[in-house]
> 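There's a structure below that I have some questions on.
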Amino acid sequence: MNMILSSGTDNKNKLNDDYKDRSDFLLRECIVCGEKAVVCVLDGMINSLQLSQMIMNPLLNFNGKCKTASELFKTIKLSVVNSLEMSDVDNFDDVYFYLSSGFAVLFLDVVSKCLALGIQGFEKRGVNEPSNEENIKGAKESFTETLNDNKAMLHRRIKTPNLKLKQLMVGKSAKTSVVIAYVK
């Protein structure tokens, strides 16, 4: 099991390496009370307004006094961020699960755990069975939604960083976004 490292740079490099070829993986570096921090999410899985209002704004505007990074981590968890759903995470397998479930994940430099914060925001309407494809067994879902919603549907089913989603623009006059999806 890959444990969270105490080096923020090593954690960031691992995430960038594991999620390379993923156009929907977003990572934001920032400084919180003098400590390096990284917040990452999967686009299409989260509510961007909640990310901004409940996590990023409180983090970036926090001016508290903390003697150690561990104390800062505890303070952030108890009194800075505003998510009802939160969990301490100590390994990357759980990080991947939480990211694919619509959580933001916060890493602090020098702390060998991270904080998963629930800000789910993916499309949840009823998905109808495709009318031109009969399916006797298996899921009755189809890719008929927006590109981000379709990517989110894949994330909910395949919760691994080995799912690669490479977004491209095709066409000359009417550029269209397409995604090549595969499991590495």
Side-chain angles (χ1 to χ4, degrees), residues 1-122 151-152 154-166 182-184:
M1 187 175 291
N2 290 324
M3 302 306 282
I4 303 295
L5 307 166
S6 59
S7 164
T9 301
D10 290 344
N11 288 326
K12 182 185 85 163
N13 290 340
K14 176 158 181 45
L15 287 164
N16 280 329
D17 187 49
D18 288 344
Y19 282 106
K20 70 180 174 201
D21 295 330
R22 293 281 295 259
S23 58
D24 56 347
F25 176 68
L26 306 175
L27 184 141
R28 169 75 155 58
E29 294 181 80
C30 57
I31 303 291
V32 180
C33 290
E35 296 290 340
K36 290 181 185 177
V38 170
V39 177
C40 51
V41 297
L42 290 178
D43 191 27
M45 299 297 294
I46 54 110
N47 181 313
S48 297
L49 185 61
Q50 285 184 1
L51 174 64
S52 175
Q53 292 178 342
M54 296 168 55
I55 297 170
M56 295 309 298
N57 283 342
L59 279 176
L60 296 173
N61 294 318
F62 178 63
N63 292 331
K65 301 283 186 215
C66 296
K67 294 177 183 171
T68 65
S70 296
E71 185 182 330
L72 176 60
F73 184 88
K74 186 176 180 181
T75 302
I76 288 171
K77 181 179 175 181
L78 295 176
S79 62
V80 177
V81 293
N82 298 317
S83 178
L84 286 177
E85 290 181 89
M86 66 175 68
S87 296
D88 288 4
V89 179
D90 63 359
N91 66 78
F92 279 98
D93 290 337
D94 288 344
V95 168
Y96 306 143
F97 174 81
Y98 280 114
L99 285 172
S100 295
S101 299
F103 282 65
V105 180
L106 167 68
F107 293 86
L108 274 181
D109 204 13
V110 191
V111 178
S112 56
K113 62 182 174 180
C114 61
L115 191 59
L117 304 155
I119 52 168
Q120 298 87 339
F122 42 80
K151 291 189 300 187
L154 281 173
H155 288 303
R156 287 193 304 272
R157 293 268 181 197
I158 306 169
K159 296 184 183 217
T160 175
N162 293 327
L163 172 65
K164 303 297 179 183
L165 302 172
K166 194 171 222 173
Y182 61 96
V183 177
K184 182 176 177 184

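Computed over heavy atoms, backbone and side chain alike; hydrogens, waters and symmetry mates excluded.
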> State whether Asp88 and Lys77 are salt-bridged, where the test is any N-O pair (Lys NZ or Arg NE/NH1/NH2 against Asp/Glu carboxylate O) under 4.0 Å.
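Yes.
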> Using side chain to side chain contact (heavy atoms under 4.5 Å, CB included) as the criterion, list what pairs up with Glu71, not counting sequence neighbours.
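With neighbours one apart ignored, the set is Cys66, Lys67, Thr68, Thr75.
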> Measuring from Asp109:CG to Phe73:CZ, what's the distance to the nearest 0.5 Å?
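The distance works out to 13.0 Å.
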> To the nearest 0.5 Å, tell me how far Lys113 NZ sits from Ser70 OG.
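Going from the NZ atom of Lys113 to the OG atom of Ser70 covers 7.0 Å.
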> Walk me through it: do Ile55 and Leu106 pass the test side-chain contact (heavy atoms from CB on, under 4.5 Å)?
CA-CA 9 Å; Ile55 297 170; Leu106 167 68; 5.9 Å; no
> Less than 4.5 Å apart, any side-chain heavy atom of Asn57 and any of Ser52?
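SC-SC contact between Asn57 and Ser52 confirmed.
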> In terms of side-chain geometry, is the basic nitrogen of Asp17 or Lys14 positioned less than 4.0 Å from the acidic oxygen of its partner?
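The answer is no: the pair does not qualify as a salt bridge.
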> Decide yes or no for Asn11 and Val38: does some side-chain heavy atom of the first lie under 4.5 Å from some side-chain heavy atom of the second?
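No; the side chains remain at least 4.5 Å from each other.
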> Is there side-chain contact between Val105 and Leu15, with heavy atoms separated by less than 4.5 Å?
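The answer is no, as the side chains (C-beta and beyond) never meet within the 4.5 Å cut-off.
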> Leu42 and Ser100: side-chain contact (heavy atoms from CB on, under 4.5 Å), yes or no, with the steps?
CA-CA 7 Å; Leu42 290 178; Ser100 295; 3.9 Å; yes
> Report the distance from atom CG of Leu49 to atom CG of Asn47, rounding to the nearest 0.5 Å.
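Nearest 0.5 Å value for the CG-CG distance: 5.5 Å.
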> Report the residues that fulfil side chain to side chain contact (heavy atoms under 4.5 Å, CB included) with Asn13, sequence neighbours left out, ordered by chain and then residue number.
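Applying side chain to side chain contact (heavy atoms under 4.5 Å, CB included) to Asn13 gives Thr9.
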> So, for Ala104 and Ile119, which heavy atoms are closest and what is the spacing to 0.1 Å?
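The pair with the smallest heavy-atom distance is CB-CD1, 3.8 Å.
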> Is there side-chain contact between Ser101 and Lys159, with heavy atoms separated by less than 4.5 Å?
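A side-chain contact exists here, since the closest heavy-atom pair is under 4.5 Å.
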> Flag the pair Phe97 / Phe103 as yes when at least one side-chain heavy-atom distance between them is below 4.5 Å, and no otherwise.
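SC-SC contact between Phe97 and Phe103 ruled out.
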> Report the distance from atom CD1 of Ile76 to atom CZ of Phe62, rounding to the nearest 0.5 Å.
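Result: 7.0 Å between the selected atoms.
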> Quick one: closest heavy-atom pair of Asn91 and Asp94, and the distance?
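Shortest heavy-atom contact: OD1-N, 2.9 Å.
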> To the nearest 0.5 Å, tell me how far Phe92 CZ sits from Cys114 SG.
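So the CZ of Phe92 and the SG of Cys114 are separated by 7.5 Å.
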> Is any side-chain heavy atom of Met3 less than 4.5 Å from a side-chain heavy atom of Asp90?
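Contact flag for Met3/Asp90 side chains = yes.
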> Minimum heavy-atom separation for Pro58 and Asn82, please, with both atom names.
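Where Pro58 meets Asn82 most closely, the heavy atoms are CG-ND2, 3.8 Å.
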> Identify the two heavy atoms, one from Gly102 and one from Ile46, that lie closest to each other, and give their separation to 0.1 Å.
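Closest pair (atom of Gly102, atom of Ile46, distance): O-CG2, 3.5 Å.
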> Please check this pair: side chain of Ser83 against backbone of Met86, looking for a donor-acceptor N/O pair closer than 3.5 Å.
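Not a single qualifying donor-acceptor pair exists.
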> Give the table of side-chain donor-acceptor pairs shorter than 3.5 Å for residues 21-36, with sequence neighbours excluded, one pair per line with atom names and distance.
residue, atom, partner, partner atom, Å
Arg22, NE, Asp24, OD1, 3.3
Arg22, NE, Leu163, O, 3.3
Arg22, NH1, Leu163, O, 2.4
Arg22, NH2, His155, ND1, 3.0
Arg22, NH2, His155, NE2, 3.3
Ser23, OG, Gln167, OE1, 3.3
Asp24, OD2, His155, NE2, 2.3
Glu29, OE2, Lys12, NZ, 3.3

> What I'd like to find out is whether the side chain of Met45 reaches to under 4.5 Å of the side chain of Leu99, using heavy atoms alone.
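Side-chain contact under 4.5 Å: no.
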> How far apart are the closest heavy atoms of Ala69 and Leu108, and which atoms are they?
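So the two residues come closest at O-CD1, 3.9 Å.
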> Check whether any side-chain heavy atom of Gln120 lies under 4.5 Å from a side-chain heavy atom of Gln50, and answer yes or no.
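Contact flag for Gln120/Gln50 side chains = no.
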> I'd like to know whether Asp93 forms a side-chain contact (heavy atoms from CB on, under 4.5 Å) with Tyr96, so could you lay out the CA-CA distance, the side-chain angles of the two residues, the decisive distance to 0.1 Å, and finally the verdict.
CA-CA 5 Å; Asp93 290 337; Tyr96 306 143; 4.3 Å; yes
